Every structure is written in structure tokens, then in C-alpha cells.
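Quick notes on the structure that follows.
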Amino acid sequence: MTALTAAPFLADESRARFRDLLLGEWCKLLSLRSIRWGLLLGLLGLVFLNANAAIADVNDWDHFAPAQREFFVPDGALAASFTNNACIATLLITGSLGAVSLVSEYATGQIRTTFAAVPARRALLSAKILVLTAVMTAFGVLATGVSFFLTQAVLSGKHAGISLAEPGIWRALLASALLPPVCALTGLGLAALVRHSAATIVTTTTVLLLIPNFLSRNHHWSACLYHATPFRAWQTLHDLVGTPPNPHIPFAADPAGEWFVYLAWAVGGVLATLVLGSRRDV
């Protein structure tokens, strides 16, 4: 009789433990003041950058040539909804926050206490990955949605806004919304590799932002690396479907392939965290 009732009890206990890990990582993540303020100020900063671009376009609208106005709708309106500067800010903010979520534990030595309390290291790191992914996805959806509706409301004053019915708009919005979790997981994986606060932030900034700016599309090998970065993948995906390709670009990217770039960076960050993060405490 005892053997028959023990199995369900143990199964319930194992499921409850992982839920407890998720709850613990949720509380741990939001207890970091840098994470809370980073998310709040980051969201406000991204919305401000995009809204400011839309306001500048409205102020300059009367000076636009007819050809510029024709081009602006829909391409310019979409570009204002999530600008290139907003993308750069997203790379820096979310990549750094993803790194801080782990490297802060190495800096304070809390990681030893955490692993002592939860010997199943990969289960703990898996919970951290899931919580970080959920938070950054929500951040991306909120920043993208608020920016889009606010900028199009501003542009509607000149009848230059676009709607969600525009062909290709959902691909562009999804690319912006998924950029934060991709960058955050990349920063998390680099934190598991470097394990030093300042060095991790510098490495994350270099990988996500500086390296793409040193690559060119003049040679095939360089163009492959160029298009294999999250920054350039976002730029390709954020273009509307049907936009004519630039004939001056010798090696253009395939938008369908850029989704695999997003996936590869996210999976790479997850694997680095699970493999490297479970091996050392310092």
C-alpha cells in the first residue's frame, strides 16, 4: 500500500520543485535594482526615441519633396515606429540586463549559495533562462506595441501613418519584439563564459554592436558574417515585404534566413549557460 502511494507523491514533489525554481528566479531577477530600473528606463527610452523620430518627421513634412512623401508611406512610417537608434539601444540594454542577471551572482558570490541550495544546477539555470526569456519577451512586445501605436498616431496628423493591415507589418513588429530576448540570452551566455561584471558588459557590447559595424558586404565571407548578427538580421526583417532590393548591395540577405540567425543566437546563449554555468562556481 505504501509503495503504491509513494510514486504519485514523488511525482508531485518533482513538479513542485521546478515551479519553486521558477518562482525563486522570478523573485531574484526582479529583486535586482539594476534590472527593475533598467527595464523601466529602457522602455521609456525606446518609446521616446521612436516618438521623437515621428515628431521630427511631422515637423519636416512640409519640406518634403513629393517623391519623399510617396516613399515615406509606408516605408518611412515603419522606420519611425522602431528606429535604427532604438535597435542599437535595445542591443545595449537587453544584452547588458541579460548578462547582469547571472554575472551579478558571480560578483557577489551568491552563485555558490544558490548551487549549494539547489544541487541540480541545470534545472536551476533552465528556470533562470525561462524567466529571463519571458520577461524580455514581454518587454519587447510592450516596447514595440507602444512605439508603433504612438508613432502612427503622431504621423496620422499628416495622414502619413500606417495600420496593422499593411503587408509585411507583422514580420517587422515580430522582429522588433523578439530582439530583446535574443540579446538577453546572448548576454546570459556570455556571462556564463566570462563571469566578470565589467568584462562581461564590454564583451556583450562588442559582440552585439561593435563587431557588426566592422563587417561589410563587399565580400562573400564578410557578408555572411555581416548578416549572421542580430543587429543586421533585425534590419533585414524590419523592412516591409515587397520592398525593392538595393541593386548596389552585392550580397543581400534572405529575410527567411534571418529568422534562423535569431534562433541560432538564442540557442547559443542557452547552451553556453547550461554547459558553462553548471561547471564552475567562480
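For the single chain, residues carry numbers from 1 onward in sequence order. Since we're looking at a predicted model, the values are computed, not measured.
- Panel note: side chain Thr83, backbone Ala79; no donor-acceptor pair is recorded below 3.5 Å.
- With hydrogens and angles ignored, the 3.5 Å screen pairs no side-chain donor or acceptor of Arg195 with any backbone N or O of Tyr106.
- At a threshold of 4.0 Å, the pair Lys158-Asp62 counts as salt-bridged, since one of the basic side-chain nitrogens sits closer than that to a carboxylate oxygen.
- Applying the side chain to side chain contact (heavy atoms under 4.5 Å, CB included) test between Leu97 and each of Leu32, Leu29, Ile35, Val135 identifies Ile35 as the sole match.
- Thr204 and Ala99 make their closest contact through OG1-CB, 4.1 Å (heavy atoms, listed as atom of the first residue, atom of the second, distance).
- Grouping the Ile, Leu, Val, Met, Phe, Trp and Tyr side chains by contacts below 4.5 angstrom, directly or via other members, places Leu102 with Val270.
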Pair Leu178, Trp259 - check side chain to side chain contact (heavy atoms under 4.5 Å, CB included), show working. CA-CA 10 Å; Leu178 292 181; Trp259 290 119; 4.2 Å; yes
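- Asn50 and Ala86 get closest at one heavy-atom pair: OD1-CB, 3.2 Å.
- Atom CE of residue Met136 and atom CG of residue Leu185 lie 9.0 Å apart, to the nearest 0.5 angstrom.
- Nearest heavy-atom pair across Ala233 and Val261 is CB-CG1, 3.9 Å.
- Interatomic distance, CG of Asn84 versus CD of Gln235, reported as 5.0 Å (0.5 Å rounding).
- Using a 4.5 Å cut-off between side-chain heavy atoms of Ile, Leu, Val, Met, Phe, Trp and Tyr, with links allowed through other members, Phe149 and Trp170 fall into the same hydrophobic cluster.
- Between the side chain of Trp265 and the backbone N or O of Phe260 there is no donor-acceptor pair closer than 3.5 Å.
- For Ala184 against Leu132, the heavy-atom pair with the smallest separation is O-CD2, 3.8 Å.
- Looking only at side-chain heavy atoms (C-beta outward), Ile201 and Val103 stay at 4.5 Å or farther from each other.
- In terms of heavy-atom proximity, Leu276 sits nearest to Ala192 at CB-O, 3.8 Å.
- For the pair Phe139 and Leu46, the minimum side-chain heavy-atom distance is below 4.5 Å.
- Of all heavy-atom pairs between Leu125 and Gly277, the closest is CD1-C, 3.6 Å.
- Under a cutoff of 6.0 Å and an axis angle of 45°, Arg121 and Phe115 form a cation-pi pair.
- Side chain of Gln152 to main chain of Ile162: a donor-acceptor pair is present (N/O by atom type, distance under 3.5 Å, no hydrogens or angles).
- Between the side chain of Thr151 and the main chain of Phe148, a donor-acceptor pair closer than 3.5 Å is present.
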Before giving the answer on side chain to side chain contact (heavy atoms under 4.5 Å, CB included), spell out for Leu179 and Thr94 the whole-Å C-alpha distance, their side-chain angles and the decisive distance to 0.1 Å. CA-CA 9 Å; Leu179 186 62; Thr94 58; 5.9 Å; no
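- Taken to the nearest 0.5 Å, the CZ atom of Arg33 stands 13.5 Å off from the OG atom of Ser104.
- Hydrophobic clustering, with ILVMFWY side chains joined whenever heavy atoms are under 4.5 angstrom apart, keeps Val202 apart from Phe231.
- In this structure the side chain of Leu78 reaches within 4.5 angstrom of the side chain of Ser81, judged on heavy atoms.
- Following chains of ILVMFWY side-chain contacts shorter than 4.5 Å, one cannot reach Val141 starting from Leu174, and the two form parts of different hydrophobic clusters.
- One finds a salt bridge joining Lys28 and Glu105 here, because a Lys/Arg side-chain nitrogen approaches an Asp/Glu carboxylate oxygen to under 4.0 Å.
- The line from CD of Glu70 to CG of Asp75 is 10.5 Å long, rounded to the nearest 0.5 Å.
- The backbone N or O of Ile55 lies less than 3.5 Å from a partner atom in the side chain of Asn59, making a donor-acceptor pair.
- Between Tyr262 and Trp234, the ring center distance fails the sub-6.0 Å criterion.
- Ring pair Phe72/Phe64 is tilted by interplanar angle, where 30° to 60° counts as tilted.
- Atoms CG and OH, on Asn213 and Tyr226 in that order, are 8.0 Å from each other to the nearest 0.5 Å.
- If you chain together hydrophobic residues whose side chains sit under 4.5 Å apart, Trp26 and Phe18 fall into the same group.
- Here the OG atom belonging to Ser163 is positioned 6.5 Å from the CD atom belonging to Glu166, to the nearest 0.5 angstrom.
- Side-chain contact between Thr90 and Phe82 is present, with heavy atoms from C-beta onward closer than 4.5 Å.
- Checked by atom type and distance alone, the side chain of Arg171 pairs as donor or acceptor with a backbone atom of Asp239 at under 3.5 Å.
- Under the 4.5 Å side-chain criterion, counting only non-hydrogen atoms from C-beta, Pro230 is in contact with Leu208.
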